[in-house]
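Residue numbers start from 1 in every chain, and the chains themselves are labelled A, B, ... in the order their sequence lines are given, proteins ahead of strands. Only heavy atoms go into these numbers, but all of them, side chains included; no hydrogens, no water, no symmetry mates.
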Amino acid sequence: MLITCPYCGPRDLAEFSYQGDGNRQRPDPGSTDHEAWNAYVYDRLNTAGDHREVWQHSGGCRAHLAVTRNTLTHRISSVAFAREAGHRPHERKHGGES
Amino acid sequence: MSARRAASGGLIDRDKTVRFTFDGRPYVGFAGDTLASALLANGVTLFGRSFKYHRPRGLLSAGIDEPNALVTVLKGDVREPNIPATLLEIHDGLAVVSQNRFPSLAFDVGAASQLAGKLISAGFYYKTFMGPAIGPLRGTRFWMFCEHFIRRSAGLGRAGFAKDPARYERMNAFCDVLVVGSGPAGLMAAKAAAERGGRVILAELDQRFGGSANWSDETIDGMPASSWADRMIDELSERGNVRLLNRATVWGYYDGNTLAALERVTDHKSVGGVGEPRHRHWVIRAGAVVLATGALERPLVFPGNDRPGVMLASAAERFANEFGVLPGEKSVLFTNNDGAYRAAAALAKAGSVIAAIVDVRAQISPAAKGLAAEAGAELLAGHAIAGTEGGRAVSAVKVQPFDATNGKPFGDTRTIQADSLLVSGGWSPAIHLASQAGGKPQWSAELQAFLLPDATQNWIGAGAVTGRFSTSEALAQGHAAGIAATGGPEMPVSLPDVAAHGLDLRPAPVLEVRGEGKAFVDFQHDVTADDVRLAHREGFVSVEHLKRYTTLGMATDQGKTSNIPGLAIMAEAQGVAIEDVGTTRFRPPFAPVSIGALAAERFGDVKPERLTPMHDWHVEHGATMYAAGLWFRPMIYGEPGETIEQAYVREARAVRSAVGIVDVSTLGKIAVQGPDAATFLDRVYTNMFSTLPVGKARYGLMLREDGIAFDDGTTWRLDENEFLMTTTTANAGKVMQHLEYFLDVVWPDLKVHLTSVTDEWAGAAVAGPKSRDVLAACVTGTAVDNAALPFMGIVRGEIAGAPVMICRLSFSGEMAFEVYCGAGHGTHVWNALMQAGKPLGMVPYGLEALGTLRIEKGHVTGAEIDGRTTARDLHLDWMLSKKKPFIGSMMMDREGLAAPERISLVGLVSLDNRPLNGGAHIVEELDELSPHDSIGHVTATCYSPALGRYIGLALVKGGKARHGTRAFISDPLRKRFGPVEIVSHHFYDPEGSRMHG
Amino acid sequence: MVEQQSPLGPVWKPGAHGKVLGGPGVVLEETRPGSIVQLAAFPGEEKAVMAIIADATGLRLPDGAGAGMASGGKAAFGFAPGRFLVIDQEEGLAERLKPVVPVAVGTVTDLSHGRTAIRISGPKAEWVLSKLFAIDFALPAFPEGAGRSTVHHDIFTQVQRTGPDGFDLYVFRSFARSFWTTLCHASEDVGYDIR
Amino acid sequence: MAEYSAFSLLRNALTGNRDWRPAWRKATPKPSYDVVIIGGGGHGLSTAYYLAKEHGISNVAVLEKGWLGSGNIGRNTTMVRSNYLLPKNTHFYEHSMKLWEGLSQDLNYNVMFSQRGVLNLAHTPAQLDDFARRGNAMRHCGVDAELMTRDEIARFVPALDINVGGRFPVAGGLIQRRAGTARHDAVAWGYARGADRRGVDIVENCEVVGFLLEGDRIVGVNTSRGEIRAKKVAVAVAGSTGRVMKLAGIERLPIESHVLQAFVSESIKPFMDTVVTFGAGHLYVTQSDKGGMVFGGDIDGYNTYAQRGNLPIVEDVMSEIVALFPGLARVRLLRSWGGIMDMSMDGSPIITKGPRPGMYLNCGWCYGGFKATPASGWAFAWTIAKDEPHAINAHYTLDRFHRGILIDEKGQGSTPRLH
């Protein structure tokens, strides 16, 4: 598998670390909504199909990437810097999937 | 020369003879021979024994699909089992032995298993050897007794225990177009792509480029096909943008158009070059792939079809044309398609007598008839082979008229004398890589074969792999594929002229002749047509059940010749079309790959070593080094005659009474820089860092998101906007990644940079009541007294001219200082410290003493912060700030993490004055015979010089409530049981007066 | 100043090794620069940091990911978003840079001791490096001056192409000895000189 | 249906093996059942078997979307052990071990359970202490465990390079001698035949495409072969858990699906007579009765439902196996494949009633599913029959994650790829 790092270009899977489901929503740091915290830490969509996820180019520029990858075919349809991705998975308090 | 070697012809080098041995007997062949062709030329017909019945077997094929002729290659003590003789190139000194036979290939007692015949049909293991449900052989005992013998009779070649002296390597390659297969289609594709400027890799699994051009008798552009291929290769090799790889099997098609190939670099040489790997593991990232992998011929299933001398027609043609070897003096061909006729003509031309061509089809094309006549062969249309005769080789075949409607021969049997029987059951495109790439193969009733799936990655098929079998189509498809792979429109070009026979390789839908006697489908695994039908009878009808129940297609050839005949028999038994039985997905590797090659340069060097700047000093000064992850750290600096315990006790005593020095360079160190650094640390640590003054350090604790303790360490504020964080050695990488994740993904607005500076700094901890004196004696540029350097204070200065940063902090509980300097100055500064410490009795100490000192102080490490414990379990709840949220703060108080029955940290004192064992459990009541009801376990132990007792740390249910009570350690594994007192984990100087003093 | 100790120790064996015929395919050296410094820009401040690099070293880096230059004992290249490695044969670069990088613009991290600089040059440099790293070393894909961050299993490495057949590698010091051994091993089939 | 025995083999051999009957009927689904089990893998089949055998509930259908045993029961590395650290796991897997020990006789089907031992190699004294902790935990739960010295290991596994190339010398090891390997496919077939003989309908090529609801309650399933109603619907679909539960309106679970690759070499003569795991990496290796070295390592480490992995893990695993067994460098890898693991958030499984009324859920097996097959079915059957868990699975709840009552064998927290 190759992931096209926006900085380094296409690189081998061996250079990346999977940082998990990008659909999770981290509550506000001060939130006392226990269910929201639990859901964030433990519950996963586990999508069969296009899946939003976070990878780190740990064996390269070390940037975290927001990747959309199909879990049935492994085809990657988009890669962006996680910090710039419009749909930052965390810090969103409300809303469902997009 | 032997009778089997044709007087002329073939691509071997008849001027170079090669000497080799097979089962200890010397043979001579020619350069360019495979073991198969060389032995065949020497009249050898018996190559191996089958897996289950130990039946004698000869060559079935001439290539990578060979199921029978597997041998073991010897290099001294080193053994390489299961190598197909058809791929093994001979060289001087090659030593090869046959396998799966005892005592010899010709006489194998294992063949007695055939007597069991139908008793050991498919799946028989499942129905017996269970053993009784009661009595001494109950449970698994009877089966394991039987298994012992089954295991010894199973297996093919024997592997050795000796280390392979060869080296292996990995090679990363990038190209615009990877062409797999160098037959006419592959050559055309490579040329077209190269001419358009693409970076091209052309991979060929055989020794010779050219594929079918090497064994066809066609002409291309007026010259023999093999000469045309040579010319193409010459042209390609002159181009700077083409890499030619022969002896390179592309075996894996992974995601992202990443393909893996195995290049056999030195197997064909008597001696490899300096530094040359035996095998090279290519990992190729290709923009596009042209699959020109050809097709594999299938045998037919009929009684006696496994007798040595029964060979694929195309293999015979290949032996004759490529190697100048005849499979027999007198041959019969048996076919369901036109292809075998070409083989008949080739063999006749090379000097073999073709006794007859037996064709299950009643109607034969004029082209085929012409070739039969050319070969001087009697043509028996509408006939089939009903059996073979002979001992270890075919001597005659039985022919009968064939009824295509029921698959059975009938009528008069005729016996034809022949020493070889050449069969063709049609062709299966070699679609393996395309299937690996994803996508479902498509069944073609016309070809009785699975065709390429729709492409799910960027590949294009060309040549026989597409199910188009003529050379002229291969040339055209190859050219088009080369163009398409480089992108852009096709350009008109005149393709080479081909003079071919115009044969039709579409087979009649007949793959089996039913009759009396064993008819083999999978030769290596001895799966017969009856086994397939038995599987059907027992309900194992889906293709995967068929495979698994009968082991059809599971042998080293992975069903290359057996899958389609097996499916055909199952389909017939079920009364359905072959496609409805299904096909299995092809999985990597396409052909077996040496495990060493995939380990590549890591073979013999599995992990790198991480060394501290003072590593050589430690080794020179007698340290016993200890592997901690990838790091090496001194365990003890033993003196002659000392036990480990004596050494660490001496070292620890020195620290408590005078001073010691320990290398702490392995601690993870992370530069946390930027205007929001303090804010960031407040969020990741449970305690506050924004309040830490510049020039001071603070002990910090991190939790995971789920509220479990993660890591601890001190973090130093070097400047308003700059911190130096330290982590435990083991967690350095994980902590770095954890922090980077939060900074990048969760809090991208924070202006903070994280950089690993673990390797920038050498660290030495100087500990003990005289530690300050040591520093005072060697540090310049700063004072180190209590005013200048209070507890947790940081100063900068120099030692022996090297800049240092000193923080007064303590892990041992003594007055102690961590001295950091540039790593390149590590040994220099260490030596200066040693020099300064010498008059004060300073000793270097290792991990054991470090552990002893920390146990005495009750400090936790990874043994206690084990990913399951909470801050509360470790009595670190004082560090949990209530003034701010931090990672894990909302999760750490959940019901399960606050439960009273959790284990928590305590100290243990051995009451029988014997050592405690790490990993022992704690019980309230001792039961040495059947231990039970563990209430916790020992995490760390030592002899405490400070207390004069054997002590330990433990995680115990109830924790503090048990202080002052008695319990027992229970270590049945090491038979150590004994009384302990549970005490506070703060064994030594709980007020901390020594380190603050 | 105190001289830095090489981490290579006993595995640094000057002379010719491996295949002898046909001259050395590669030359391996430890270049031991005085300064290896990371300059990291906060988002939007990349140009400002590049200007600081230009002022300090005279190297005007081209735009673009991984762009870099090497000239006159100085080298610089981008290796991650906003991050540059700046190398100077002279010591003290970090001290010179720290005062000129405003807090809001970026940070300076001295890695002069933490990274070991290894130069590989010669006609087979691409071939040898391709054994260890899964990146494309061909000149069109990896132009002169450019930098890359990559990894050989556990060993994180920054690579700068310093010539048509020359590369400078920056590896973590603690791994340098293992890496050097691996690099020598990989160079045996083409022959190598250690200088 | 006929008993299998040496005698029946002989009798059938004499009649040309013409009288054998299907190991299980190819059942056509009835309109309704007491229990419908989704998933014709090891766990689903053993659940059906124990429902019939232990609880007398045989009006049961097992629905399999493809061919029976096509999931992880047919694509694992065949290892069976109960060498767990945490007592909740130890007791469960030991229950499984005890069922394994009598399974061939119980099923009248030879599952070839070979108790050749599982040996965990330790490479430092600290690691050996850590293994001792686990071994002692097992002993305190009544499970066999022993430490082996370096010399004992060298004699026990002569093919092993006891110094691991000098890099990770073996310090000792923990062995569970009752552990071993079993013939994975045979387990599926044996349970299928056993369940079938007790009246269970095994329905292949029957994909569940939806659930039937009455109010909030699940009352059956919609399948590619029509509607099937059931008093109770049990889900045991391992790697497909996420997909099937979405059909029931459960969008999120503490589960991620990951691919685990497994490998087999060409057949060689007996090379090693136990199971060995590498303590300085991640590798487990055994040799099948056919002679192939069977081995595996880490999961690839990303969400996937595709039964295919990638090269980095292949290379890592190969580098580790030749570090332990340098003689295998010249042995050839024959086949690799991938299975989809239902990785839970603490590395331990879920066997529970719910999460909706009328529904029962069995998932989260991570790597451990094969060895758990008997106990998983046994406990799941109990839970379905009695509407409450047995003591051995009472803690394998779905709500334990939120409540923080975790069973985290590896101490890795909610990062499934690390379990």
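No part of D:H123 comes within reach of chain B, as not one of its non-hydrogen atoms sits under 4.5 angstrom from that chain. In this structure, chain D has no heavy atom under 4.5 Å from any part of B:H536. Of the two parts of D:E204, only the side chain, counted from C-beta on, holds a non-hydrogen atom closer than 4.5 Å to a non-hydrogen atom of chain B. For B:V543, no part sits under 4.5 Å from any heavy atom of chain D, backbone or side chain. For D:K290, the parts lying under 4.5 angstrom from a heavy atom of chain B are both the backbone and the side chain. Only the backbone of B:D933 comes within less than 4.5 Å of a heavy atom of chain D; no side-chain atom from C-beta onward does. In this structure, the portion of D:F401 lying under 4.5 Å from any heavy atom of chain B is its backbone and not its side chain. Heavy-atom distances place no part of D:M148 under 4.5 Å from chain B, backbone and side chain included. Heavy atoms closer than 4.5 Å to chain D are found nowhere in B:R533, neither backbone nor side chain. Contact annotation for D:V314: only side-chain heavy atoms (C-beta onward) come within less than 4.5 Å of a heavy atom of chain B. With a threshold of 4.5 angstrom between heavy atoms, D:L86 approaches chain B through side-chain atoms but not through N, CA, C or O. In this structure, no portion of B:S930 lies under 4.5 Å from any heavy atom of chain D. Residue D:D161 does not touch chain B at all, counting heavy-atom pairs closer than 4.5 Å. Proximity to chain B involves both the backbone and the side chain of D:A126, based on heavy atoms less than 4.5 angstrom apart. For chain B, the nearby parts of D:R116 are the backbone and the side chain; heavy atoms of each come within less than 4.5 Å. Both the backbone and the side chain of B:S970 come within less than 4.5 Å of a heavy atom of chain D. Both the backbone and the side chain of D:D273 come within contact range of chain B, with heavy atoms under 4.5 Å apart. Contacts of D:I175 with chain B are absent, with no heavy-atom separation under 4.5 Å from either backbone or side chain. There is no contact between D:P169 and chain B, counting heavy-atom distances below 4.5 Å. Of the atoms belonging to D:S70, not a single heavy atom falls under 4.5 Å from chain B.
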| task | List the steps and the verdict of side-chain contact (heavy atoms from CB on, under 4.5 Å) for B:M130 and D:N108. | result | CA-CA 7 Å; B:M130 273 91 83; D:N108 179 235; 3.2 Å; yes

| field | D:L10/B:L119 under side-chain contact (heavy atoms from CB on, under 4.5 Å): CA gap, chis, key distance, verdict | value | CA-CA 6 Å; D:L10 185 62; B:L119 196 57; 4.0 Å; yes

| query | After noting the C-alpha distance and the side-chain angles of B:M554 and D:R335, does the key distance pass the side-chain contact (heavy atoms from CB on, under 4.5 Å) rule? | reply | CA-CA 9 Å; B:M554 309 280 263; D:R335 193 167 63 246; 3.8 Å; yes

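The shortest heavy-atom contact between B:W143 and D:D289 is CZ2-OD2, 3.2 Å. Closest approach of B:A159 and D:I268 over heavy atoms only: CB-CD1, 3.8 Å. Nearest heavy-atom pair across B:A555 and D:L334 is O-CD1, 3.6 Å. Of all heavy-atom pairs spanning B:A260 and D:L311, the tightest one is CB-CD1, 4.0 Å.
Between B:F161 and D:F325, a ring centre-to-centre spacing not shorter than 6.0 Å is recorded. Ring centroids of B:F540 and D:W24 are separated by less than 6.0 Å, placing the two rings close together. Under the 6.0 Å cut-off for aromatic ring centres, D:W189 and B:Y126 qualify, their centroids lying closer than that. The ring of D:H140 has its center no closer than 6.0 angstrom to the ring center of B:H932.
We find that D:E320 and B:R602 are not joined by a salt bridge, their nearest charged nitrogen and carboxylate oxygen being 4.0 Å or further apart. One finds a salt bridge joining B:D866 and D:R133 here, because a Lys/Arg side-chain nitrogen approaches an Asp/Glu carboxylate oxygen to under 4.0 Å. Ion pairing between a basic and an acidic side chain is recognised when a charged N comes within 4.0 Å of a carboxylate O; D:R167 and B:D605 show no such pairing. The pair B:R548-D:D185 meets the salt-bridge criterion, since a charged nitrogen lies less than 4.0 angstrom from a carboxylate oxygen. Of the charged side-chain nitrogens involved, at least one lies within less than 4.0 Å of a carboxylate oxygen, so that B:R170 and D:E315 count as a salt-bridged pair. Residues D:R139 and B:D971 are not paired through a salt bridge, judged by the lack of any N-O separation under 4.0 Å between the basic side chain and the carboxylate.
In this structure, D:T181 OG1 and B:E147 CD are separated by 6.5 Å, a value rounded to the nearest 0.5 Å. With rounding to the nearest 0.5 angstrom, the OG atom of D:S336 is 7.0 Å from the CH2 atom of B:W251. With rounding to the nearest 0.5 angstrom, the CZ atom of D:F295 is 4.0 Å from the CD1 atom of B:I595. Expressed to the nearest 0.5 Å, how far OH of D:Y109 lies from NZ of B:K127 amounts to 7.5 Å. Annotation: the span from B:Y253 atom OH to D:R308 atom CZ amounts to 9.5 Å, rounded to 0.5 Å.
In B:D927, the CG atom is crowded: over 12 heavy atoms of neighbouring residues, nucleotides or ligands sit closer than 6.0 Å. Crowding of B:R158 atom CZ: a count of heavy atoms from other residues, nucleotides or ligands under 6.0 Å not exceeding 12. Heavy-atom contacts from other residues, nucleotides or ligands closer than 6.0 Å to CD1 of B:I134 number 12 or fewer.
When atom types are taken as modelled, the side chain of D:K26 and the backbone of B:G539 share a donor-acceptor pair closer than 3.5 angstrom.
Of the residues considered (D:E146, D:R330, D:Q307, D:M293), D:R330 shows the highest number of contacts with chain B, using heavy-atom pairs under 4.5 Å. Contacts with chain D were tallied for B:A863, B:G867, B:A166; B:G867 has the most, counting heavy-atom pairs under 4.5 Å. Ranked by heavy-atom pairs under 4.5 Å with chain B, the first of D:V264, D:V331, D:I405 is D:V331. With chain D as partner, the option from B:T551, B:T939, B:L534 having the largest number of non-hydrogen pairs under 4.5 angstrom is B:L534. Taking chain D as the reference chain and counting heavy-atom pairs below 4.5 Å, the highest number among B:R537, B:E895, B:E601, B:Q558 is found for B:R537. Considering only heavy-atom pairs separated by less than 4.5 Å from chain B, the leading option among D:Q287, D:M345, D:Q127, D:M138 is D:Q287. Chosen from D:L174, D:L103, D:N110, the residue pairing most often with chain B at heavy-atom distances under 4.5 Å is D:N110. The greatest number of non-hydrogen atom pairs below 4.5 Å with chain B, out of D:S288, D:G135, D:G291, D:A13, is found for D:A13. Ranked by heavy-atom pairs under 4.5 Å with chain B, the first of D:P87, D:S265, D:G74 is D:G74. Ranked by heavy-atom pairs under 4.5 Å with chain D, the first of B:P81, B:S934, B:P588 is B:P588.
No side-chain donor from either of D:E266 and B:T556 sits under 3.5 Å from a side-chain acceptor of the other. Using modelled atom types, one finds a donor on one side chain and an acceptor on the other under 3.5 Å when comparing B:S121 with D:N17.
For the pair B:M144/D:F113, no side-chain contact is recorded, criterion being any heavy-atom separation below 4.5 Å from C-beta on.
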